Amino acid sequence: MQENTQTFYHNLPNGVKIVHRWTPSPVAYVGVMVGAGTRDAVPEENGMAHYIEHCVFKGTAHHSARQIIQSIEGIGGEINAYTTKEETTFYAAILCEHVQLTLHLIAEMILEPAFKKEETDKERMVILDEIESYNDSPSELIYDDFESLVFAGSSMALPILGTKKTLRHISSKPSYPLEWMRTHYRPERMVVFCQGDIKPERIFRLAEKEFGHLSGAAGLSASETSGLAGAAGHAANERERSYKRHTHQVHAMLGGRAFEIGHEDQLAMFLLNNILGGGSLNSRLNLSLRESQGLVYTVESTYTPLSDTGYWCVYWACDPEDYGHSLELVQKELEKLCEKPMSEASVKHALEQLRGQLAISAQNQENSALAMAKSVLYRGEAPEWQDTFAKIAKTTPQKLFKVANVIFDAQNRYILTYK
């Protein structure tokens, strides 16, 4: 067991990782993050990880769907789950006194799902409605389509929700998702996490009780199952793509490949993205496109590091007649960062702003717990925000300049538009 200020770690002999962050809050966030997501499915299974996330709520060997919900919400808690390209996460917010009941129920959902066809058929219809709802939201759908462009030819290009065709296939037999879970829900790919006013030794004992008996599934090793459908692949040849979505505005996204989790320049890229178009009104893109020109309501940039790759993107929406001008301004801001290093004073100001943002973000227990779990899944540790900022604070103008010229290079730019 290690101790990092108020963050405690423990690994079970079978490979399950446990992390607990003590806080004085009477509310605890507890759950399990599994390193299995969209990219682990072959094309005909596309949407499997997300389908499983939904269906484990529809009943286990011991509880019905109604009983699962009532067990948590009946004590005033909230239970949730989500799927990404690389992870599936199940978690709940509860009073600390209910942590044992909650972790047991989540373990039961993961380890003993029933997959009764009459229940999963109903949930398949719910997912189909979710797909249609997603299609009606261009500001969300454009991220999936952009990943499809940047990672074309790899499993990273597949949509998280799957398609109508693949959903019919993966829901046709209960054995399909169960076999998939046996292959991918391996102990060495699981992180049990908790945050709240609970002694770490208690969390370790509860996690061992629920997951200590697991053994690796027969068949593929962890390294073979990770990214089963293939890595992110080489850069795509197609650089620009446009879809007719019959939207009132043009929705646009410009970006490209970026650093993976753990890369030596990951933190510098994090700071650079915050300067360019992070979630503040004084970002360069917001000042240029919105405050100065009034061309957009929303413009933002995002950096998403993944296990073996990553990507950055700038999203905005504008009137059709303003698209050309707004694109010029976005590219101009990128060029500025590549033409000459920022001043020491500018970097100092950006660091001070980021320090405040990290401190405020750390107060959100839910986001903090989920970020902690992901960090442990891929890095084996979860530094507190002060430690992370101390590393970012060493970033120099020259380092930002170097990173900008690597990431924002014209050969690493893809453009996607909805018109």
Side-chain angles (χ1 to χ4, degrees), residues 16 18 20 25-34 36 47-83 87-130 133 161-162 167 170-182 184-185 187 190-196 198 202-203 205-214 365-366 369-370 373:
V16 173
I18 309 164
H20 174 61
S25 173
V27 174
Y29 284 85
V30 61
V32 178
M33 181 175 287
V34 185
M48 178 69 85
H50 179 257
Y51 173 77
I52 289 170
E53 175 224 310
H54 272 248
C55 289
V56 298
F57 282 86
K58 302 305 291 182
T60 70
H62 309 287
H63 292 90
S64 67
R66 183 184 293 265
Q67 288 172 328
I68 290 173
I69 299 300
Q70 180 59 28
S71 294
I72 301 299
E73 298 201 349
I75 56 174
E78 298 176 358
I79 190 166
N80 207 342
Y82 65 89
T83 305
E87 308 96 37
T88 308
T89 305
F90 308 89
Y91 68 102
I94 42 91
L95 290 174
C96 290
E97 63 200 72
H98 299 304
V99 66
Q100 181 174 353
L101 166 69
T102 304
L103 187 58
H104 174 75
L105 186 63
I106 291 174
E108 189 177 298
M109 291 164 57
I110 295 173
L111 303 179
E112 300 182 83
F115 286 105
K116 293 181 180 178
K117 199 166 189 311
E118 62 270 24
E119 293 292 337
T120 57
D121 280 349
K122 288 186 288 186
E123 200 60 24
R124 178 168 59 87
M125 299 306 297
V126 171
I127 297 173
L128 289 173
D129 284 342
E130 185 179 0
S133 174
L161 303 184
L167 277 174
I170 63 183
S171 64
S172 60
K173 294 181 181 179
S175 60
Y176 288 163
L178 286 170
E179 288 170 1
W180 199 90
M181 291 181 79
R182 278 194 290 269
H184 298 282
Y185 278 47
M190 292 183 180
V191 175
V192 179
F193 64 93
C194 182
Q195 181 163 311
I198 303 169
R202 185 172 183 225
I203 296 300
R205 286 197 302 270
L206 293 175
E208 184 164 14
K209 180 181 178 181
E210 301 295 345
F211 298 96
H213 66 282
L214 293 181
Q365 276 223 109
E366 181 175 7
L370 296 173

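Note: hydrogens, waters and symmetry copies are ignored here, and every other heavy atom, side chains too, is used. All values derive from a computational prediction rather than experimental measurement.
The structure places CG of Leu161 at 5.0 Å from NE2 of His50, a figure rounded to the nearest 0.5 Å. Atoms CD1 and CD, from Ile110 and Glu210 in turn, are 10.0 Å apart once rounded to the nearest 0.5 Å. Atoms CD and OH, from Gln365 and Tyr29 in turn, are 6.5 Å apart once rounded to the nearest 0.5 Å. From Gln100, atom CD reaches atom CZ of Arg205 across 9.5 Å, with rounding to the nearest 0.5 Å.
Side-chain contact between Glu108 and His62 is present, with heavy atoms from C-beta onward closer than 4.5 Å. Under the 4.5 Å side-chain criterion, counting only non-hydrogen atoms from C-beta, Tyr82 is not in contact with Phe90. Using a 4.5 Å heavy-atom threshold, the side chains of Thr120 and Ser171 count as separate. Between Ile198 and Ile203, the closest side-chain pair of non-hydrogen atoms falls below 4.5 Å. Counting heavy atoms from C-beta on, the side chains of Ile94 and Ile75 come closer than 4.5 Å. Using a 4.5 Å heavy-atom threshold, the side chains of Phe211 and Met190 count as touching. Residues Leu111 and His213 form a side-chain contact, since some pair of their non-hydrogen atoms from C-beta on lies under 4.5 Å apart. Side-chain atoms of Tyr91 and Leu370, non-hydrogen and from C-beta on, do get closer than 4.5 Å to each other.
Considering every non-hydrogen atom in both Met48 and Pro177, the closest pair reads SD-CA, 3.8 Å. Residues Ser71 and Leu101 approach most closely at O-CD2, 3.9 Å, considering heavy atoms. Nearest heavy-atom pair across Ile79 and Ile69 is CG2-CD1, 4.3 Å. Nearest heavy-atom pair, Pro113 versus Val56, reported as atom, atom and distance to 0.1 Å: CB-CG1, 3.9 Å. Residues Arg202 and Cys96 share a closest heavy-atom pair of NH1-O, 4.1 Å. The two residues His184 and Ala36 have their closest heavy-atom pair at CB-CB, 3.9 Å.
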### Task
Report the C-alpha separation of Glu130 and His54 in whole Å, then their side-chain angles, then the decisive distance to 0.1 Å, and conclude whether the side-chain hydrogen bond (donor to acceptor under 3.5 Å, both in side chains) test is met.
CA-CA 11 Å; Glu130 185 179 0; His54 272 248; 3.2 Å; yes

#### Entry: Steps toward side chain to side chain contact (heavy atoms under 4.5 Å, CB included) verdict (Ile18, Val191)
CA-CA 6 Å; Ile18 309 164; Val191 175; over 6 Å; no

### Query
Given the rule in the salt bridge (Lys or Arg N to Asp or Glu O under 4.0 Å) test, do Lys122 and Glu119 qualify, once you have shown the distances and angles that lead to the verdict?
CA-CA 5 Å; Lys122 288 186 288 186; Glu119 293 292 337; 3.5 Å; yes

### Task
For side-chain hydrogen bond (donor to acceptor under 3.5 Å, both in side chains), just list the numbers for Thr60 and Glu112, CA-CA rounded to whole Å, side-chain angles, deciding distance to a tenth of an Å, and then say yes or no.
CA-CA 6 Å; Thr60 70; Glu112 300 182 83; over 6 Å; no

### Task
Report the C-alpha separation of Thr102 and Ile72 in whole Å, then their side-chain angles, then the decisive distance to 0.1 Å, and conclude whether the side chain to side chain contact (heavy atoms under 4.5 Å, CB included) test is met.
CA-CA 7 Å; Thr102 304; Ile72 301 299; 3.8 Å; yes

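A donor-acceptor pair is defined here as one N or O able to donate and one able to accept, closer than 3.5 Å; such a pair exists between the side chain of Glu53 and the backbone of Thr83. A distance-only check finds no donor-acceptor pair linking the side chain of Thr88 to the backbone of Val34 [under 3.5 Å]. Remark: side-chain polar atoms of Ser133 are not paired, donor with acceptor, to backbone N or O of Asp129 under 3.5 angstrom. The main-chain N or O of Met33 is never found under 3.5 Å from a side-chain atom of Glu87 such that the two would form a donor-acceptor pair.
Counting non-hydrogen atoms of other residues, nucleotides and ligands closer than 6.0 Å to CD of Glu78 gives a total of 12 or fewer.
The aromatic rings of Tyr185 and Trp180 stand perpendicular to each other, their planes meeting at an angle above 60°, with 30° marking the opposite boundary. Between Tyr51 and Phe115, the ring planes are parallel. Angles under 30° get that label, and only those over 60° would be called perpendicular.
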